[in-house]
Asks: 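Mind looking over this structure? Questions follow.
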Amino acid sequence: MSSIQLIRNATLVIHYAGKKILVDPMFAPKSGLRSIAGKVKSPTVELPLPIADIIRDTDLVLVTHTHQDHFDAAASEALDKALPLINQPADEAYFQDAKFTNAITIHDTITWEGITIQRTGGEHGSGEVLLKMGTVSGFVLSAAGEPTIYIAGDTIWIPEIAGYLHTYQPDYVVINSGGAVMPGYEDTPILMEESQTMELIKGSGHAKIIAVHMEAIDHCLTTRESLRQKANAWNVPEGKLTIPQDGAVVTLQ
């Protein structure tokens, strides 16, 4: 049975087509990274599981981009450098320098162990702040007999994302709904917030939505409670939106 486990922030463990896939590992302890918003150091919460348990028997690592809350020094140190690791073209040199000997740069589509992985794009903000945030990617996973999973990555709601929903018709969409803002750019979020998440849900067809990237980094303003309240106000059907707690496992049907 396939499943998606939220570890913390955007870190996921996906059991899919008989493989264990680790997505965007951030393993720093609570307060182990700098503050972004100037409130408290991030992460604001501890990992729900020991790192050894998270990484045990991992078959593949997927990294959407290399901001510290998606791939940090603690993850680089903990992971076996020989593990297959799929990264976007913008991060190819990063993983070469980090001595990952089996890093694979995905430009468009690859097939790995019977799993088709499609790289998608996104915009990590808008206007001036977008230029500062750099290139980000998402991934669509598909395999025979398995549901299609779209991991949107760090992006706001834009027509490009609506296009992926239409093209790939995913069964599950993992979205980073933290509503993060950078100091000095408070009017232009760099992640989907409550309203943009609702727009994605409205355009998601039959897909079930799993919202993550909340309550772990100090510049994320959207909380699980505020997102659920917005979903209730929009009359989002029961079962359409899952907002997992850290460590929770979502079984895929």
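Quick note: numbers below take in every heavy atom, side chains included, and nothing from hydrogens, waters or symmetry partners.
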Asks: Side chains of Asn87 and Thr105: any donor to acceptor distance under 3.5 Å?
Replies: yes
Asks: Does Lys41 NZ have over 12 foreign heavy atoms under 6.0 Å away?
Replies: no
Asks: Using modelled atom types and a 3.5 Å cut-off, is there a donor and acceptor pairing between side-chain atoms of Glu215 and backbone atoms of Arg224?
Replies: yes
Asks: Step by step, work out the side chain to side chain donor-acceptor pair (under 3.5 Å) result for His67 and Asp154.
Replies: CA-CA 10 Å; His67 288 170; Asp154 272 9; 4.8 Å; no
Asks: Keeping Asp218 on the side-chain end and Ile36 on the backbone end, is there a donor-acceptor pair under 3.5 Å?
Replies: yes
Asks: So does Glu225 pair up with Arg228, basic N to acidic O under 4.0 Å?
Replies: no
Asks: Not counting sequence neighbours, which residues clear side-chain hydrogen bond (donor to acceptor under 3.5 Å, both in side chains) with Tyr164? List them please.
Replies: Glu160
Asks: Is the closest side-chain donor-acceptor distance between Thr222 and Glu194 under 3.5 Å?
Replies: yes
Asks: List the residues meeting side chain to side chain contact (heavy atoms under 4.5 Å, CB included) with Ala17, not counting sequence neighbours, and say none if there are none.
Replies: Ile115, Ala143, Glu146
Asks: State the CD1-CG distance between Ile106 and Asp91, to the nearest 0.5 angstrom.
Replies: 13.0 Å
Asks: State which residues pass side chain to side chain contact (heavy atoms under 4.5 Å, CB included) with Ala152; sequence neighbours excluded, sorted by chain then number.
Replies: Tyr150, Thr155, Ile175
Asks: Return yes when atom CG of Asp187 has more than 12 non-hydrogen atoms of other residues, nucleotides or ligands closer than 6.0 Å, and no otherwise.
Replies: no
Asks: Can you classify the ring geometry of His213 versus His70 as parallel (below 30°), tilted (30 to 60°) or perpendicular (above 60°)?
Replies: tilted
Asks: Between Asp59 and Lys19 (side chain of the first, backbone of the second, donor and acceptor by atom type, cut-off under 3.5 Å), is there such a pair?
Replies: no
